[in-house]
S.K.: 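The structure is given below, and queries will be raised subsequently.
What you are looking at is a predicted structure, and each value in this text was computed from that prediction instead of being measured. Both counts, for ligands and for their atoms, begin at 1 and track the order of listing.
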Amino acid sequence: MDKKVYIETYGCQMNLADSEVVMGILGKQGYSLTHEMNEADVVFLNTCSVRDNAEQRIHGRLGNIGTLKQKNSNLVIGVLGCMAERLRDELIEQKKMVDLVVGPDEYRRLPEFIDHALTGEKGIGVKLSRTETYEDIEPYREEGLSAWISVMRGCDKFCTYCVVPYTRGRERSRTLASIVEEVKSLSERGFREVTLLGQNVNSYIDGEKDFSDLLAACAEVDGLMRIRFTTSHPQDLSDKLLYTISDNSNICNYIHLPVQSGSNKILEGMNRTYTIEHYLGIIERARKIIPGVSFSTDIIAGFPTETEEEHQMTLDVMKNVRYDGAFMFKYSPREGTKAYKMEDDVPEEVKSRRLTEIIDIQQKISYEINQELIGTKEIVLVENKSKKSDDFFAGRTDDNKTVILPVGNDVKIGDYVKVKITKATSGTLFGDFVSIEDVYKKEPTLFVD
Ligand code: 5AD
Ligand code: SF4
């Protein structure tokens, strides 16, 4: 019988990509995906441990799902992903409704675990691997324009606040050939954008080939396919990478470069392995080599020992760089990490206030940057109908800004369209149709009348 699987995914894009791998594995065994939890035979939560609030949400969700199990005792419930290792005993022993707990490197065993669960046997697979990359698994992807491709797994950086090296293990890369093949097959299916994913993509390595070589090889597959990537660690971002972005018209002019803090003392406490001067130097070089490049970042407020002055340094860096966007968090101690042993000495209300100041500054900067775009023309990849109205399309620019434009003028989803920006908020640009672009050209993407 055809069994239906429902997966809810939390956390980063890597986890979203992993859920597609999970469905790729299960699809081969005759399982199909459902978007309705009520009609599922198997319910998975693909979990995230990066901050405590992510974990709390998942605990709450497990409580809800437990009620489904009371109605249907054959339902198989599984916890996948980053929480698996840490919580396996608690989930299996105390919360009896969970049938399997499987970490990020053991998804190949899922069919076996589900079979056992159906006979009442609990399954635990939480070993981490030094080699597993799932590169032979074709991820299950519904039709669309954008796809994620996981190019490397794990992280060897050991930032002191971060659980990833413990939940996802050591760095390992897929072969360049397998990734290029995947890009080709996505291009043939009509996809228009791929995002190459890894916790630290700049450490990608396949023999002599580094991440720049991989990007260039992916960009060559299809000139109409936008290539994005995330996440870059500032320590490993080379000039070669910057030139590769600059030389290839379809590699987006957009770099996510987490700074975390503006203070060298805090960066050292975080084991980030760069100074703020080094970081700002990269931004400056990138702006020289790639005209018009945009940056986004991650910032943590209230890391142990952070003083008011050090917090100000973070605000100063934000004002200096003027990021297009930022993911901003309060420091959250994670068991097992180095920082967990440090005293979490910034009081909660101070963390909250600092975070609010960080968010406010970013909003103001994003608003100002977007206002400056009014009157310019941007190339937009039309991705879908706007969430708010069927009369509008939503798309994105090369530097990842959402643009809303009216339906009409023979524009179809998947087209590249030149749009004149007429209005802007901190999160969205609005514009009028100018022309459909036959060829995706990077230069000039931006010019003022
Ligand atoms: N507390 C707060 N933020 C964290 N991040 C990672 N670990 C923690 C933590 N313990 C943030 C970092 C990272 C992003 C993915 O999540 O900013 O870049
Ligand atoms: Fe969360 Fe990190 Fe795991 Fe992604 S890798 S799901 S951010 S803990």
S.K.: What atoms of ligand 1 come closer than 4.0 angstrom to any heavy atom of Phe329?
M.R.: 3 (N), 11 (C), 14 (C), 16 (O), 17 (O)
S.K.: Nearest to atom 2 (C) of ligand 1 by heavy atom, Lys330, Lys351, Gln260: which?
M.R.: Lys330
S.K.: Which residue and non-hydrogen atom of the protein lie closest to atom 2 (Fe) of ligand 2, and at what distance in Å?
M.R.: Val164 CG2, 3.0 Å
S.K.: Please state which protein non-hydrogen atom is closest to atom 7 (N) of ligand 1 and give its distance, to 0.1 Å?
M.R.: Tyr161 CD1, 3.3 Å
S.K.: Verify the distance test for Cys12 against atom 4 (Fe) of ligand 2: any N/O/S atom under 2.8 Å, yes or no.
M.R.: yes
S.K.: Starting from atom 5 (S) of ligand 2, which protein heavy atom do you reach first, and at what distance in Å?
M.R.: Arg168 NE, 3.0 Å
S.K.: Nearest protein heavy atom to atom 1 (Fe) of ligand 2, by residue and atom, and its distance?
M.R.: Cys48 SG, 2.4 Å
S.K.: Where the closest heavy atom to atom 11 (C) of ligand 1 is concerned, which of Met328, Arg51, Met14 has it?
M.R.: Arg51
S.K.: Which ligand 1 atoms does Arg334 reach within 4.0 Å, using its non-hydrogen atoms?
M.R.: 10 (N)
S.K.: Compute both the distance and the angle, then confirm whether Arg51 meets the cation-pi test with Phe329: under 6.0 Å from the six-membered ring centre, within 45 degrees of the axis.
M.R.: yes
S.K.: With a 3.5 Å cut-off and no angle check, do the side chains of Arg192 and Asn250 form a donor-acceptor pair?
M.R.: no
S.K.: Which protein heavy atom lies closest to atom 6 (C) of ligand 1, and at what distance to 0.1 Å?
M.R.: Val50 CG2, 3.5 Å
S.K.: Measure the distance from atom 1 (N) of ligand 1 to every protein heavy atom, then report the residue, atom name and distance (to 0.1 Å) of the closest one.
M.R.: Ser332 N, 3.0 Å
S.K.: What residue among Phe229, Phe295, Tyr323, Phe327 forms ring pair (Phe, Tyr, Trp, His ring centres under 6.0 Å) with His256?
M.R.: Phe327
S.K.: Based purely on interatomic distance, does Asp298 place a nitrogen or oxygen under 3.5 Å from a nitrogen or oxygen of ligand 1?
M.R.: yes
S.K.: Kindly assign one of parallel, tilted or perpendicular to the pair Tyr134 and Tyr107, based on the angle between their ring planes and the thresholds 30° and 60°.
M.R.: parallel
